[in-house]
Amino acid sequence: MNKKYIFPENFWWGSATSGPQSEGTFNKRHKSVFDYWYEVEPEAFFDKVGPEITSNFYNSYKEDLAMLKEIGLNSFRTSIQWTRLIKDLETGEPDEDGVRFYNDVIDETIKNGMIPVMNLHHFDLPVELYNKYGGWTSKHVVELFVKFAETAFKLFGDRVKYWTTFNEPMVVVEGQYLYEFHYPKLVDGEKAVQAMYNINLASAKAIKRFRELGCTEDGGKIGIVLNLTPAYPRSNNKDDLYASKVADTIFNYSFLDPAVKGEFPSLLINLLKEDNILWESTEEELQIIKDNTIDFLGVNYYQPRRVKAKESEIDNTKGWMPEKYFDYYDMPGKRMNPYRGWEIYPEAMYDIAINIRDNYNNIPWYISENGMGVEGEEKYIGEDGSIQDDYRIEFLEEHLQYLHKGIEEGSNCFGYHSWTPIDCWSWCNAYKNRYGYIAVDLATQKKTIKKSGTWIKEVSSNNGF
Ligand code: BG6
């Protein structure tokens, strides 16, 4: 008989999206860096599809949330857009329509029996704050983020009990300051490192405010969502091992350590000092980071990182870059998702679970994103008119099996959210790769449950498979 995978009681079976990727820009007060980038360079986006319409959640959230209930989800993460909720970015004064909208979304989520998880930053810095202050390299922007967070806590903290400060902050550092895939597309190691520090500080300061406001008194919890991409070395040779240790430190532990332990990894500090590129910090700020660690962790996992010892010449033309310490390793025979170009390696779910158990105080955590983006899913439409995405079901089951093994061995994981409930807009890839349990026809906005939507309903009602 096949093994059954039954998960802990009250396990979260949910799914995640974000404000900028689902709502559309209707009635927003400000433009985010992505709204602006699309305006000035639409050809940078797949099929020139921008963030204005997306899956129309701003208008259809009632029907959409009812569909999420229909496929059995018990929890749902989205993000509050800074550019929608806040009227005055300097004072944090809210916008009336933004307040109405997020109030409705939260109430409707609860009404449909789902736990709302609200995130505060999903790559969507107001572009004005970049133009005026330089964005995340500015400590004033850190203060403005805390004001925005405070407004959100005060408005919605009575009903929202799970908050996260940032989604994948390392991707902001990489996209905006190193690898040119988020506006303003800079290649500037010094700014990257300062932004890395400032975002850690912004998260800790928001957590501090959350606690000062008494949001924890009736069960409120706050965390952060990190994309953990475990770095696997080519071999156990010491230079390969060192390469993977440095890659993990720069890309994963630079946020994970301060979030959970209140301190930056000493290896990171030493490297940045040696490279003469360490951020500007004060004792007082470091104390805030130390004192304001998270209650729970969200982990986004899609793909591993394969590295080897540095063999190629260091490219100094771009200034400081993490690749000074390792080369990427193109492992022969790896399984790939050809559409997204990402390796498929479900075993990492187990490795992440055990790493958190053994090295991060076995903090309560959940998978906050995992999923498979596939292009051209129309070709899988079956006779009943729904997409037969068996490949997705297989992908999710394999990942869940490894997660289950980690939980069986004591890792404190309380849930699993896929990316994403309803096909949504994906940054520069726009609607190229679809991830949802529910398909959206962009021309008509008609939404149809895929086979994986029926599958998750079963899984959720059986608390396993
Ligand atoms: C995560 C993000 O990186 O992966 C999401 O939090 C994103 O915003 C998702 O959409 C899937 O990646 P992509 O680039 O295929 O959309």
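Every number for a ligand or one of its atoms is a count from 1 in the order of the listing. The model shown is predicted, which means the values in this text are computed figures rather than measured ones.
Those atoms of ligand 1 with a heavy atom of Ser426 less than 4.0 angstrom away are 10 (O), 13 (P), 16 (O).
Using a 4.0 Å cut-off between charged nitrogen and carboxylate oxygen, Asp295 and Lys161 do not count as a salt-bridge pair.
The single protein non-hydrogen atom nearest to atom 14 (O) of ligand 1 is Arg340 NH2, 2.8 Å, given as residue, atom name and distance. The nearest heavy-atom contact from the protein to atom 9 (C) of ligand 1 is Tyr302 OH, 3.4 Å. Looking only at heavy atoms of the protein, atom 2 (C) of ligand 1 is closest to Glu369 OE1, 3.3 Å. For atom 15 (O) of ligand 1, the nearest non-hydrogen atom of the protein is Tyr435 OH, 2.5 Å.
Environment of OH in Tyr36: sparse, with no more than 12 heavy atoms of neighbouring residues, nucleotides or ligands closer than 6.0 Å.
Between the side chain of Asp95 and the backbone N or O of Asp97 there is at least one donor-acceptor pair closer than 3.5 Å.
Taking all heavy atoms of Met170, Glu168, Gln21, Lys432 into account, the minimum distance to atom 3 (O) of ligand 1 is reached by Glu168. Remark: among candidates Phe123, Tyr339, Trp427, the nearest residue to atom 7 (C) of ligand 1 is Trp427, based on non-hydrogen atoms.
Considering all non-hydrogen atoms of both residues, Asp35 and Lys28 come closest at OD2-NZ, 2.6 Å.
Not a single N or O atom of Asn429, backbone or side chain, sits closer than 3.5 Å to an N or O atom of ligand 1. At least one N or O atom of His122 sits closer than 3.5 Å to an N or O atom of ligand 1.
Residue Asn167 touches ligand 1 through its side chain alone, judged by heavy-atom distances below 4.0 Å.
Put simply, no part of Asn433 is less than 4.0 Å from ligand 1, judged by heavy atoms. Within the 4.0 Å heavy-atom cutoff, Trp342 counts among the residues contacting ligand 1.
Put simply, the residue from Asn167, Thr78, Thr17, Thr164 that forms a side chain to side chain donor-acceptor pair (under 3.5 Å) with His122 is Asn167. For the salt bridge (charged side-chain N to carboxylate O under 4.0 Å, His left out) test with Glu377, the passing option among Arg392, Arg434, Lys432 is Arg392; the others fail.
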Between side-chain atoms of residues 42-52 and protein atoms elsewhere (two or more places apart, or another chain), which donor-acceptor pairs fall under 3.5 Å?
none

- request: Using the side chain to side chain contact (heavy atoms under 4.5 Å, CB included) rule, take Asn412 and Phe296 through it: C-alpha gap first, then chi angles, then the decisive distance, then the call.
  value: CA-CA 10 Å; Asn412 200 1; Phe296 72 97; over 6 Å; no
